[in-house]
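Take a look at the structure set out below.
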Amino acid sequence: MTALAVTRATVARVFRDRTALFFMVLLPVAIIVVIGVTVSGFDQFRVGLVPAVRSGPVAEELVTGIEAAPGMRTRTYETTADARTALRRAELDAVVVVPDGLDAAVRGGRTVTVPVLVEPSGSAGHAAVSSVSAVVAEHAARLQAARFATDETAGAFDHALALARGTERAASPIAVRAETVNGQSDYLPLGYSYSTPTMLVLFVFINALAGGAAIVQTRRTGVYARALAAPVSARTLVLGETIAYLLLSLLQSLLIVAVGALAFDVAWGDPLAAGVLVAVWALVGTGAGILAGAVFRTPEQVHAVGPTLGIGLGMLGGCMWPLALVPDWLRAAGHAVPHAWAVDAWTTLLSRNGDLAAILRDLGVLAGFATVLLVLASVLLRRRLTTASGT
(Lines give C-alpha, C1' and ligand atoms only; values in the text may rest on other atoms or scores of the structure.)
Protein backbone atom coordinates (compact mmCIF):
# COMPACT_ATOMS: atom_id res chain seq x y z
CA MET A 1 0.00 0.00 0.00
CA THR A 2 1.38 3.39 -1.00
CA ALA A 3 0.80 6.79 0.59
CA LEU A 4 -1.53 7.74 -2.27
CA ALA A 5 -3.66 4.67 -1.58
CA VAL A 6 -4.05 5.85 2.00
CA THR A 7 -4.94 9.30 0.67
CA ARG A 8 -7.62 7.89 -1.64
CA ALA A 9 -9.16 5.85 1.14
CA THR A 10 -9.29 8.82 3.51
CA VAL A 11 -10.78 11.20 0.95
CA ALA A 12 -13.36 8.61 -0.11
CA ARG A 13 -14.35 8.08 3.53
CA VAL A 14 -14.91 11.84 3.99
CA PHE A 15 -17.03 12.12 0.84
CA ARG A 16 -19.26 9.31 2.10
CA ASP A 17 -19.79 11.11 5.42
CA ARG A 18 -22.79 13.43 5.03
CA THR A 19 -22.09 15.14 8.34
CA ALA A 20 -18.55 15.96 7.26
CA LEU A 21 -19.81 17.32 3.93
CA PHE A 22 -22.34 19.51 5.75
CA PHE A 23 -19.64 21.11 7.88
CA MET A 24 -17.26 21.39 4.95
CA VAL A 25 -19.66 22.82 2.35
CA LEU A 26 -23.06 24.01 3.58
CA LEU A 27 -22.29 25.47 7.00
CA PRO A 28 -19.46 27.80 5.90
CA VAL A 29 -21.54 29.15 3.01
CA ALA A 30 -24.56 29.70 5.27
CA ILE A 31 -22.52 31.62 7.84
CA ILE A 32 -20.83 33.66 5.10
CA VAL A 33 -24.27 34.71 3.90
CA VAL A 34 -25.52 35.58 7.41
CA ILE A 35 -22.46 37.61 8.41
CA GLY A 36 -22.20 39.21 4.98
CA VAL A 37 -25.79 40.44 5.12
CA THR A 38 -25.34 41.58 8.73
CA VAL A 39 -22.27 43.75 8.19
CA SER A 40 -23.13 45.00 4.69
CA GLY A 41 -24.45 48.53 4.41
CA PHE A 42 -22.63 49.88 7.48
CA ASP A 43 -20.99 52.45 5.19
CA GLN A 44 -24.38 53.73 3.99
CA PHE A 45 -26.95 56.00 5.61
CA ARG A 46 -30.46 54.63 6.01
CA VAL A 47 -32.78 57.33 4.69
CA GLY A 48 -36.57 57.27 4.69
CA LEU A 49 -38.46 59.07 1.93
CA VAL A 50 -41.97 60.49 2.25
CA PRO A 51 -43.05 61.57 -1.26
CA ALA A 52 -45.35 64.51 -1.79
CA VAL A 53 -49.05 63.71 -1.97
CA ARG A 54 -49.39 65.94 -5.04
CA SER A 55 -46.18 64.98 -6.81
CA GLY A 56 -44.99 66.50 -10.08
CA PRO A 57 -41.91 66.12 -12.27
CA VAL A 58 -39.75 68.34 -10.06
CA ALA A 59 -40.61 66.40 -6.88
CA GLU A 60 -40.16 63.05 -8.63
CA GLU A 61 -36.74 64.11 -9.90
CA LEU A 62 -35.69 65.03 -6.36
CA VAL A 63 -36.81 61.65 -5.04
CA THR A 64 -34.99 59.86 -7.87
CA GLY A 65 -31.81 61.80 -7.12
CA ILE A 66 -31.89 60.83 -3.44
CA GLU A 67 -32.56 57.18 -4.27
CA ALA A 68 -29.64 57.09 -6.72
CA ALA A 69 -27.19 58.90 -4.47
CA PRO A 70 -24.19 56.81 -3.37
CA GLY A 71 -23.82 56.21 0.33
CA MET A 72 -27.55 56.11 1.02
CA ARG A 73 -30.04 53.27 1.29
CA THR A 74 -33.56 54.59 0.91
CA ARG A 75 -36.96 53.30 1.88
CA THR A 76 -40.25 54.92 0.94
CA TYR A 77 -43.04 55.53 3.47
CA GLU A 78 -46.60 56.57 2.73
CA THR A 79 -46.95 58.94 5.67
CA THR A 80 -44.66 61.09 7.78
CA ALA A 81 -45.97 59.37 10.92
CA ASP A 82 -44.78 55.95 9.68
CA ALA A 83 -41.36 57.38 8.88
CA ARG A 84 -41.11 59.06 12.28
CA THR A 85 -41.91 55.74 13.96
CA ALA A 86 -39.11 54.00 12.04
CA LEU A 87 -36.76 56.84 12.97
CA ARG A 88 -37.60 56.50 16.67
CA ARG A 89 -36.99 52.74 16.46
CA ALA A 90 -33.50 53.43 15.05
CA GLU A 91 -34.45 51.76 11.76
CA LEU A 92 -33.45 54.96 9.93
CA ASP A 93 -30.76 57.59 10.25
CA ALA A 94 -32.83 60.37 8.67
CA VAL A 95 -36.18 61.05 7.00
CA VAL A 96 -36.66 63.31 3.98
CA VAL A 97 -40.15 64.75 3.64
CA VAL A 98 -40.84 66.04 0.14
CA PRO A 99 -43.20 69.02 0.60
CA ASP A 100 -46.57 69.10 -1.11
CA GLY A 101 -46.87 71.65 -3.86
CA LEU A 102 -43.13 71.59 -4.57
CA ASP A 103 -43.65 71.88 -8.33
CA ALA A 104 -46.07 74.79 -8.03
CA ALA A 105 -43.80 76.67 -5.63
CA VAL A 106 -40.76 76.25 -7.86
CA ARG A 107 -42.64 77.42 -10.94
CA GLY A 108 -43.90 80.40 -9.00
CA GLY A 109 -40.39 81.39 -7.98
CA ARG A 110 -41.00 80.83 -4.29
CA THR A 111 -38.43 79.44 -1.84
CA VAL A 112 -39.06 75.86 -0.78
CA THR A 113 -37.68 74.11 2.32
CA VAL A 114 -37.19 70.34 2.28
CA PRO A 115 -37.53 69.02 5.86
CA VAL A 116 -35.02 66.41 6.99
CA LEU A 117 -35.87 64.69 10.28
CA VAL A 118 -33.21 63.17 12.57
CA GLU A 119 -33.02 61.98 16.14
CA PRO A 120 -31.26 64.57 18.34
CA SER A 121 -28.93 61.97 19.86
CA GLY A 122 -28.05 60.20 16.61
CA SER A 123 -24.68 61.22 15.18
CA ALA A 124 -25.32 59.22 12.02
CA GLY A 125 -28.44 61.27 11.36
CA HIS A 126 -26.57 64.55 11.31
CA ALA A 127 -24.01 63.06 8.95
CA ALA A 128 -26.84 61.82 6.73
CA VAL A 129 -28.18 65.39 6.53
CA SER A 130 -24.96 66.42 4.79
CA SER A 131 -25.41 63.73 2.14
CA VAL A 132 -29.05 64.66 1.60
CA SER A 133 -28.16 68.37 1.45
CA ALA A 134 -25.66 67.67 -1.32
CA VAL A 135 -28.36 65.98 -3.44
CA VAL A 136 -30.87 68.77 -2.73
CA ALA A 137 -28.28 71.43 -3.59
CA GLU A 138 -27.52 69.75 -6.91
CA HIS A 139 -31.23 69.57 -7.68
CA ALA A 140 -31.71 73.21 -6.64
CA ALA A 141 -28.90 74.33 -8.94
CA ARG A 142 -30.79 72.98 -11.95
CA LEU A 143 -33.98 74.66 -10.81
CA GLN A 144 -32.22 77.97 -10.26
CA ALA A 145 -30.68 77.79 -13.73
CA ALA A 146 -34.11 77.08 -15.22
CA ARG A 147 -35.69 79.90 -13.21
CA PHE A 148 -33.02 82.33 -14.37
CA ALA A 149 -33.47 81.32 -18.00
CA THR A 150 -37.24 81.69 -17.68
CA ASP A 151 -36.98 85.17 -16.19
CA GLU A 152 -34.48 86.35 -18.80
CA THR A 153 -36.17 84.91 -21.88
CA ALA A 154 -39.80 84.92 -20.74
CA GLY A 155 -39.98 81.32 -21.94
CA ALA A 156 -41.63 78.27 -20.44
CA PHE A 157 -40.17 76.93 -17.20
CA ASP A 158 -40.39 73.27 -18.27
CA HIS A 159 -38.46 74.04 -21.47
CA ALA A 160 -35.80 75.90 -19.51
CA LEU A 161 -35.55 73.04 -16.99
CA ALA A 162 -35.10 70.48 -19.78
CA LEU A 163 -32.41 72.70 -21.28
CA ALA A 164 -30.66 72.90 -17.88
CA ARG A 165 -30.71 69.12 -17.57
CA GLY A 166 -29.28 68.68 -21.05
CA THR A 167 -26.55 71.24 -20.43
CA GLU A 168 -25.62 69.50 -17.20
CA ARG A 169 -25.33 66.11 -18.91
CA ALA A 170 -23.30 67.55 -21.77
CA ALA A 171 -20.89 69.48 -19.58
CA SER A 172 -17.88 67.79 -18.01
CA PRO A 173 -18.41 68.06 -14.27
CA ILE A 174 -15.56 68.81 -11.93
CA ALA A 175 -14.91 65.69 -9.88
CA VAL A 176 -13.41 65.77 -6.42
CA ARG A 177 -11.42 62.70 -5.41
CA ALA A 178 -10.13 62.24 -1.87
CA GLU A 179 -6.99 60.15 -1.59
CA THR A 180 -4.92 59.47 1.51
CA VAL A 181 -1.25 59.34 0.69
CA ASN A 182 0.34 56.16 2.03
CA GLY A 183 -2.99 55.39 3.69
CA GLN A 184 -3.69 51.89 4.89
CA SER A 185 -6.89 50.32 6.11
CA ASP A 186 -6.79 48.05 9.13
CA TYR A 187 -10.16 46.56 8.27
CA LEU A 188 -11.45 44.17 5.66
CA PRO A 189 -14.12 45.59 3.34
CA LEU A 190 -17.65 45.29 4.67
CA GLY A 191 -20.24 42.80 3.52
CA TYR A 192 -19.26 39.53 1.90
CA SER A 193 -15.70 40.76 1.40
CA TYR A 194 -15.48 40.68 5.19
CA SER A 195 -17.28 37.44 5.96
CA THR A 196 -15.85 35.26 3.17
CA PRO A 197 -12.09 35.47 3.90
CA THR A 198 -12.57 35.34 7.67
CA MET A 199 -14.84 32.30 7.41
CA LEU A 200 -12.29 30.65 5.11
CA VAL A 201 -9.69 31.05 7.84
CA LEU A 202 -12.07 29.88 10.55
CA PHE A 203 -13.68 26.86 8.92
CA VAL A 204 -10.64 25.37 7.21
CA PHE A 205 -9.00 25.21 10.63
CA ILE A 206 -12.10 23.96 12.48
CA ASN A 207 -12.92 21.26 9.93
CA ALA A 208 -9.33 20.07 9.91
CA LEU A 209 -9.40 19.81 13.70
CA ALA A 210 -12.72 17.97 13.66
CA GLY A 211 -11.39 15.67 10.95
CA GLY A 212 -8.83 14.39 13.42
CA ALA A 213 -11.65 12.26 14.86
CA ALA A 214 -11.43 10.02 11.78
CA ILE A 215 -7.77 9.30 12.52
CA VAL A 216 -8.62 8.48 16.13
CA GLN A 217 -11.42 6.17 15.03
CA THR A 218 -9.14 4.43 12.52
CA ARG A 219 -6.58 3.89 15.24
CA ARG A 220 -9.15 2.46 17.65
CA THR A 221 -10.64 0.05 15.12
CA GLY A 222 -7.24 -1.44 14.38
CA VAL A 223 -7.11 -0.44 10.70
CA TYR A 224 -3.66 1.05 11.11
CA ALA A 225 -2.43 -2.02 12.98
CA ARG A 226 -3.54 -4.30 10.14
CA ALA A 227 -1.95 -2.01 7.59
CA LEU A 228 1.34 -2.06 9.49
CA ALA A 229 1.24 -5.85 9.42
CA ALA A 230 0.92 -5.81 5.60
CA PRO A 231 3.66 -4.52 5.96
CA VAL A 232 3.20 -0.78 5.43
CA SER A 233 5.50 1.63 7.23
CA ALA A 234 4.16 4.16 9.70
CA ARG A 235 5.85 6.85 7.63
CA THR A 236 3.68 5.86 4.63
CA LEU A 237 0.49 6.00 6.68
CA VAL A 238 1.37 9.40 8.12
CA LEU A 239 2.28 10.78 4.70
CA GLY A 240 -0.94 9.45 3.15
CA GLU A 241 -3.11 10.98 5.86
CA THR A 242 -1.23 14.29 5.60
CA ILE A 243 -1.77 14.49 1.85
CA ALA A 244 -5.45 13.63 2.28
CA TYR A 245 -6.02 16.34 4.88
CA LEU A 246 -4.12 18.85 2.77
CA LEU A 247 -6.26 18.05 -0.27
CA LEU A 248 -9.45 18.37 1.76
CA SER A 249 -8.34 21.72 3.21
CA LEU A 250 -7.43 23.00 -0.25
CA LEU A 251 -10.73 21.76 -1.65
CA GLN A 252 -12.74 23.54 1.01
CA SER A 253 -10.67 26.72 0.55
CA LEU A 254 -11.17 26.71 -3.21
CA LEU A 255 -14.88 26.11 -2.74
CA ILE A 256 -15.20 29.15 -0.45
CA VAL A 257 -13.11 31.27 -2.83
CA ALA A 258 -15.27 30.23 -5.77
CA VAL A 259 -18.55 30.84 -3.93
CA GLY A 260 -17.29 34.23 -2.74
CA ALA A 261 -16.19 35.30 -6.21
CA LEU A 262 -19.12 33.96 -8.24
CA ALA A 263 -22.05 34.38 -5.86
CA PHE A 264 -21.02 37.35 -3.74
CA ASP A 265 -18.66 39.25 -6.08
CA VAL A 266 -15.73 39.09 -3.64
CA ALA A 267 -12.47 40.38 -5.13
CA TRP A 268 -9.67 38.25 -3.71
CA GLY A 269 -6.85 40.61 -4.65
CA ASP A 270 -3.61 39.57 -6.32
CA PRO A 271 -4.20 36.02 -7.65
CA LEU A 272 -0.68 34.77 -6.95
CA ALA A 273 -0.62 36.13 -3.42
CA ALA A 274 -4.12 34.83 -2.67
CA GLY A 275 -3.21 31.38 -4.01
CA VAL A 276 -0.07 31.15 -1.91
CA LEU A 277 -1.96 32.33 1.17
CA VAL A 278 -4.68 29.70 0.65
CA ALA A 279 -2.04 26.98 0.25
CA VAL A 280 -0.08 27.98 3.36
CA TRP A 281 -3.23 28.20 5.45
CA ALA A 282 -4.27 24.76 4.22
CA LEU A 283 -0.93 23.46 5.52
CA VAL A 284 -1.64 25.06 8.91
CA GLY A 285 -5.06 23.38 9.04
CA THR A 286 -3.56 20.05 7.94
CA GLY A 287 -1.02 20.16 10.74
CA ALA A 288 -3.73 20.94 13.29
CA GLY A 289 -5.94 18.10 12.06
CA ILE A 290 -3.19 15.47 12.08
CA LEU A 291 -2.07 16.65 15.51
CA ALA A 292 -5.62 16.29 16.84
CA GLY A 293 -5.77 12.75 15.47
CA ALA A 294 -2.52 11.90 17.23
CA VAL A 295 -3.21 13.52 20.59
CA PHE A 296 -6.81 12.63 21.43
CA ARG A 297 -7.82 9.14 22.50
CA THR A 298 -11.46 9.04 21.43
CA PRO A 299 -13.47 10.65 18.60
CA GLU A 300 -15.78 12.13 21.21
CA GLN A 301 -12.89 14.08 22.67
CA VAL A 302 -12.11 15.53 19.27
CA HIS A 303 -15.73 16.51 18.63
CA ALA A 304 -16.00 18.11 22.08
CA VAL A 305 -12.71 20.00 22.10
CA GLY A 306 -11.92 20.61 18.43
CA PRO A 307 -14.73 23.02 17.40
CA THR A 308 -14.58 24.85 20.72
CA LEU A 309 -10.84 25.29 20.42
CA GLY A 310 -11.13 26.33 16.77
CA ILE A 311 -13.80 28.95 17.48
CA GLY A 312 -11.86 30.27 20.46
CA LEU A 313 -8.66 30.64 18.44
CA GLY A 314 -10.67 32.23 15.61
CA MET A 315 -12.14 34.81 17.98
CA LEU A 316 -8.74 35.55 19.45
CA GLY A 317 -7.21 35.81 15.98
CA GLY A 318 -9.71 38.29 14.53
CA CYS A 319 -12.10 36.08 12.58
CA MET A 320 -15.11 37.48 14.43
CA TRP A 321 -14.08 41.13 14.71
CA PRO A 322 -11.12 43.25 13.54
CA LEU A 323 -8.18 43.16 15.89
CA ALA A 324 -7.69 46.87 15.18
CA LEU A 325 -10.70 47.48 17.46
CA VAL A 326 -9.32 45.66 20.52
CA PRO A 327 -6.76 46.89 23.08
CA ASP A 328 -3.07 46.54 22.30
CA TRP A 329 -2.53 43.70 24.77
CA LEU A 330 -5.37 41.67 23.25
CA ARG A 331 -4.09 42.37 19.74
CA ALA A 332 -0.67 41.09 20.78
CA ALA A 333 -2.23 38.00 22.33
CA GLY A 334 -4.22 37.41 19.15
CA HIS A 335 -1.02 37.23 17.12
CA ALA A 336 0.07 34.29 19.22
CA VAL A 337 -2.26 32.16 17.07
CA PRO A 338 -1.99 31.71 13.29
CA HIS A 339 -5.47 33.05 12.54
CA ALA A 340 -4.41 36.65 13.20
CA TRP A 341 -1.59 36.44 10.67
CA ALA A 342 -3.92 34.95 8.06
CA VAL A 343 -6.53 37.69 8.59
CA ASP A 344 -3.77 40.33 8.44
CA ALA A 345 -2.66 38.92 5.10
CA TRP A 346 -6.19 38.99 3.70
CA THR A 347 -6.61 42.56 4.95
CA THR A 348 -3.45 43.55 3.07
CA LEU A 349 -4.68 41.90 -0.13
CA LEU A 350 -8.29 43.08 -0.06
CA SER A 351 -8.07 46.49 1.63
CA ARG A 352 -4.60 47.70 0.62
CA ASN A 353 -4.26 46.14 -2.84
CA GLY A 354 -1.17 44.30 -1.63
CA ASP A 355 0.78 41.74 -3.62
CA LEU A 356 2.88 38.72 -2.69
CA ALA A 357 5.77 40.87 -1.46
CA ALA A 358 3.42 42.77 0.86
CA ILE A 359 2.38 39.62 2.75
CA LEU A 360 5.73 37.82 2.84
CA ARG A 361 6.06 38.48 6.58
CA ASP A 362 2.61 37.04 7.29
CA LEU A 363 3.31 34.06 5.04
CA GLY A 364 6.62 33.44 6.80
CA VAL A 365 4.94 33.35 10.21
CA LEU A 366 2.18 31.07 8.91
CA ALA A 367 4.77 28.78 7.33
CA GLY A 368 6.46 28.58 10.72
CA PHE A 369 3.19 27.59 12.38
CA ALA A 370 2.58 25.00 9.66
CA THR A 371 6.07 23.52 10.03
CA VAL A 372 5.79 23.20 13.80
CA LEU A 373 2.32 21.65 13.63
CA LEU A 374 3.20 19.22 10.83
CA VAL A 375 6.46 18.06 12.40
CA LEU A 376 4.89 17.65 15.85
CA ALA A 377 1.85 15.88 14.38
CA SER A 378 3.99 13.50 12.29
CA VAL A 379 6.20 12.55 15.23
CA LEU A 380 3.30 11.97 17.60
CA LEU A 381 1.19 10.04 15.08
CA ARG A 382 4.08 7.77 14.10
CA ARG A 383 4.67 7.09 17.77
CA ARG A 384 1.00 6.23 18.23
CA LEU A 385 1.04 3.88 15.24
CA THR A 386 4.17 2.06 16.27
CA THR A 387 2.94 1.24 19.77
CA ALA A 388 1.68 -2.24 20.44
CA SER A 389 -2.02 -1.39 20.31
CA GLY A 390 -1.94 1.63 18.07
CA THR A 391 -4.36 3.47 20.39
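All of these numbers come straight from a predicted model, not from anything done at the bench. The first residue in the sequence is number 1, and the count goes up from there. Only this structure's heavy atoms are used, side chains among them; waters, hydrogens and symmetry mates stay out.
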Over 12 foreign heavy atoms within 6.0 Å of CZ, R84: no
Transitive ILVMFWY side-chain link V97 to V136, under 4.5 Å: no
Gap separating the CG atom of L363 from the CG atom of D344, nearest 0.5 angstrom: 11.5 Å
Co-membership, hydrophobic cluster, residues F205 and V257, 4.5 Å side-chain: yes
Min side-chain heavy-atom separation T113-P99 under 4.5 Å: no
Short side-chain to backbone donor-acceptor contact, T7 and G240, under 3.5 Å: yes
Any side-chain heavy-atom pair of I256 and M199 under 4.5 Å: no
Nearest heavy atoms of F296 and R384, plus distance in Å: O-NH2, 4.4 Å
Spacing of T386 atom OG1 and R235 atom CZ [to the nearest 0.5 Å]: 11.5 Å
C319 and V343, any side-chain heavy atoms less than 4.5 Å apart: yes
Candidate pair T76 and E67, rule side chain to side chain contact (heavy atoms under 4.5 Å, CB included), full reasoning: CA-CA 10 Å; T76 302; E67 291 175 338; 3.9 Å; yes
Listed partners of S133 passing side-chain hydrogen bond (donor to acceptor under 3.5 Å, both in side chains), at least two apart: none
CA sep, side-chain torsions, deciding dist, call: L117, T80, side chain to side chain contact (heavy atoms under 4.5 Å, CB included): CA-CA 10 Å; L117 312 179; T80 304; 4.2 Å; yes
Pairwise distance CD(E91) to CZ(R75) - rounded to 0.5 angstrom: 6.5 Å
Test side chain to side chain contact (heavy atoms under 4.5 Å, CB included) applied to V365 and H335, step by step: CA-CA 10 Å; V365 175; H335 283 83; over 6 Å; no
For the student: nearest non-hydrogen atoms of G48 and Y77, plus distance: CA-CE1, 4.0 Å
Student check: side-chain heavy atoms of W341 and R361 closer than 4.5 Å: yes
Side chain to side chain contact (heavy atoms under 4.5 Å, CB included) evaluation trace for L381 with R219: CA-CA 10 Å; L381 184 56; R219 282 176 19 218; 4.3 Å; yes
Minimum-distance pair of heavy atoms, taken over all atoms of A94 and V118: CB-CG1, 3.8 Å
Minimum-distance pair of heavy atoms, taken over all atoms of A358 and T348: CB-CG2, 3.8 Å
Spatial distance of atom CG (L200) from atom CD (Q252) [nearest 0.5 Å]: 7.5 Å
Any donor-acceptor pair under 3.5 Å from H339 side chain to T198 backbone: no
Hydrophobic cluster membership, L376 vs L239, 4.5 Å side-chain cutoff: no
M320 and L202, any side-chain heavy atoms less than 4.5 Å apart: yes
Approximate separation, where rounding is to 0.5 Å, of L209 CG and I290 CD1: 11.0 Å
Donor-acceptor pair, side chain of D355 and main chain of A273, under 3.5 angstrom: no
Closest non-hydrogen atom pair between V302 and P307, with its separation: O-CD, 3.6 Å
Inter-residue atom distance L277.CG - L356.CG, 0.5 Å rounding: 10.0 Å
Heavy-atom closest pair, residues V337 and G317: CG2-CA, 3.9 Å
Expected output: side-chain D93 to main-chain R46 donor-acceptor under 3.5 Å: yes
Minimum side-chain heavy-atom gap L366-W281 below 4.5 Å: yes
Same apolar cluster (I L V M F W Y, side chains within < 4.5 Å links), I243/L385: no
Non-hydrogen side-chain atoms of V223 and R226 separated by less than 4.5 Å: yes
Transitive ILVMFWY side-chain link V50 to V114, under 4.5 Å: no
4.5 Å side-chain heavy-atom contact, R297 and V216: no
